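Note sheet for the following structure.
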Amino acid sequence: MPAPLMHIESSPSLPREADVVVIGGGVVGVFTAYYLARRGVSVALLEKGRVAAEQSSRNWGWCRQQNRDARELPMATKSLDLWEKVAQETGEDTGFRRCGLFYLSQDESELASWAKWRDFAKTVGVTTHMLTAEEATERGKATGRPWKGGVLSPTDGTADTSRAVPVAARGIMAAGGSVHQQCAARTIELSAGRVSGVVTEAGTIRTKTVVMAGGAWASSFCHQLGIRFPQASVRSSILATAPGVECLPAALYTSGIAFTRRGDGGYTLAISGRARVDPTPQQLRFSREFVPMFARRWRSLKPGGLEGWRQGHETLAKWAPDDVTPMERNRILDPRPDLRQINLTFRRACELVPEFRRVTIADAWAGYIDSTPDGIPVIGEVEGVPGFILAAGFSGHGFGIGPGAGHLIADIITGCEPIVDPRPYRTERLRTAAWGKVAEF
Ligand SMILES: Cc1cc2nc3c(=O)[nH]c(=O)nc-3n(C[C@H](O)[C@H](O)[C@H](O)COP(=O)(O)OP(=O)(O)OC[C@H]3O[C@@H](n4cnc5c(N)ncnc54)[C@H](O)[C@@H]3O)c2cc1C
């Protein structure tokens with residue numbers, strides 16, 4: 001079942017040429033095209049289904065610095081500032097608010113890890129407050145139980161996942177770029193060893209620069225070009241309640257369940273980290289690289305079924321430019337939610353915050369979260385394919401840092417001072433198995 005999502009119109013016709021073609025209308029592709037268009041670059045955004053219909057509308061909407069890996073923290077901080085500006089720039093509300101994120105715990109080792117992160121964050125100017133047992137219990141009184149401690153990150157926030165990315169996509173068109181939904185990119189054309197065009201199902205666009213921001217589809221697309229991109233996805237299930245619960249803050253994490261207030265007044269409920277691993281041909285191919293990450297998360301990952309194989313996003317098949325591709329056969333990656341987990345999630349919500357017994361489940365859906373072996377995205381031009389920029393593998397953190405990632409890609413393409421140091425995201429990692437340490441949080 002798709003997550004709630006605002007509909008936007010596409011541009012009337014596909015251009016014959018563009019300075020830049022961006023493939024993928026998720027948060028990363030949309031913000032890339034948004035910042036390029038605002039700089040006067042001619043840019044076309046291609047989306048095989050609907051803008052934001054995959055991960056970018058299926059997530060919790062957390063835009064957080066709290067507990068970020070050091071490599072991603074600068075991008076998270078810049079992204080919060082950018083999120084704030086999007087509403088002013090577009091004149092439309094993305095639902096972004098610096099509502100603060102609130103964490104509660106009963107576990108001393110979890111609290112110790114948060115305190116360690118707080119000490120590190122202070123060194124880079126990010127403020128976060130550890131809460132004593134008394135403070136945590138007082139702030140978390142909606143749960144009606146005592147807590148050992150907590151954290152409050154006052155400058156973090158959430159955005160409305162049902163409208164934030166579509167609003168930015170309309171901003172692309174307002175700034176002179178174009179947006180093409182129901183238009184899959186099939187492959188890239190190369191001339192004299194560099195990008196010269198993008199073949200779409202509706203014709204070819206001449207261009208010298210392509211950004212591949214296809215989320216969970218990025219590796220199978222790269223495979224067509226002989227680019228090895230180790231990527232795997234896990235199926236995460238999530239639900240939204242009807243409005244009616246008023247006693248909770250906008251965003252609350254506990255290890256058992258997390259709550260996020262939605263734009264419509266309901267809550268998104270999910271169990272952090274819990275997901276199914278559905279084996280696919282691509283996952284088997286890269287299994288060795290993903291062992292450390294999956295091993296670290298063994299408590300929360302459960303074996304899935306053939307769902308992922310059937311969806312086709314992690315195929316190892318190859319296709320010709322005039323073939324109907326897996327991206328056209330599956331316009332929106334919409335896996336089945338794990339109903340056992342949905343029921344468990346709602347039960348936990350009702351146990352922790354009895355007010356949830358008065359509301360019903362309004363929607364439930366799942367999303368494939370695409371990841372790299374070290375949990376940090378890959379952003380940059382791929383060695384040996386001049387003009388081909390890869391931006392994928394956002395590893396469950398991409399919604400919050402989407403604006404910063406898009407800005408960085410626009411900086412790289414236009415030769416501007418990069419908004420953050422691009423080195424942690426280097427594509428040289430694709431060359432060897434030289435992946436760094438797995439992201440800490
Ligand atoms: C349940 C869940 C909870 C999450 N919670 C959070 C959170 O709270 N905070 C956070 O920061 N992140 C969160 N994430 C992660 C976040 O949603 C993703 O990291 C982010 O949305 C990835 O954005 P993307 O643009 O890379 O990919 P996507 O949003 O998946 O977009 C990729 C798009 O590319 C299109 N596409 C692919 N191939 C082609 C092609 N060949 N031609 C045309 N179009 C193509 C697809 O149709 C798709 O729309 C969560 C994810 C899930 C699933």
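This one's a predicted model, so the numbers in the text were calculated from it and none came from an experiment. In each ligand, atom 1 is the first atom listed, and ligand 1 is the first ligand listed.
Under a 4.0 Å criterion applied to the non-hydrogen atoms of W217, ligand 1 contributes the atoms 37 (C), 38 (N). Within ligand 1, counting atoms from 1 as listed, the ones closer than 4.0 Å to a heavy atom of F394 are 19 (O). Atoms of ligand 1 found under 4.0 Å from any heavy atom of R58, numbered from 1 in the order shown, are 1 (C), 2 (C). The W62 neighbourhood of ligand 1 comprises atoms 7 (C), 8 (O), 9 (N), 10 (C), 11 (O), with distances under 4.0 Å to a heavy atom of that residue. Short contacts between ligand 1 and H397, defined as distances under 4.0 Å to a heavy atom of the residue, involve ligand atoms 10 (C), 11 (O), 12 (N), 15 (C), 19 (O).
Checked against a 3.5 angstrom limit, the closest N/O atoms of A184 and ligand 1 fall outside it. On a distance-only criterion, I238 and ligand 1 share no N/O pair closer than 3.5 Å. For ligand 1, the polar-atom distance check finds an N/O of S56 within less than 3.5 Å of one of the ligand's N/O atoms. Below 3.5 Å of separation, one finds an N or O of G400 facing an N or O of ligand 1. Considering backbone and side-chain N/O of G396, one or more are found under 3.5 Å from N/O of ligand 1. Any N or O atom pair closer than 3.5 Å counts here, and I23 shares no such pair with ligand 1. Considering backbone and side-chain N/O of E47, one or more are found under 3.5 Å from N/O of ligand 1. On a distance-only criterion, C183 and ligand 1 share no N/O pair closer than 3.5 Å.
Counting only heavy atoms of the protein, atom 34 (O) of ligand 1 lies nearest to G24 CA, 3.2 Å.
With F399 as reference, W83 is the one residue of F31, W62, W83, F96 to meet the ring-ring contact (aromatic ring centres under 6.0 Å, His included) rule.
Between D334 and R58, at least one side-chain nitrogen of the basic residue sits less than 4.0 Å from a carboxylate oxygen of the acidic one, meeting the salt-bridge criterion. Taking the charged nitrogens against the carboxylate oxygens, E289 and R429 have no contact shorter than 4.0 Å, which rules out a salt bridge. Using a cutoff of 4.0 Å between basic side-chain nitrogens and carboxylate oxygens, R276 and D278 are not scored as salt-bridged.
Here A213 has backbone heavy atoms under 4.0 Å from ligand 1, and that is the only part of it that gets that close. When non-hydrogen atoms are compared, ligand 1 lies under 4.0 Å from the backbone of V28 as well as from its side chain. Contact annotation: for N59 versus ligand 1, heavy atoms closer than 4.0 Å belong to both the backbone and the side chain.
By heavy-atom distance, the residue among R50, Q55, K48 lying nearest atom 17 (O) of ligand 1 is Q55.
Ring geometry for H407 against Y35 counts as tilted: the plane angle lies between 30° and 60°, on a 0 to 90° scale.
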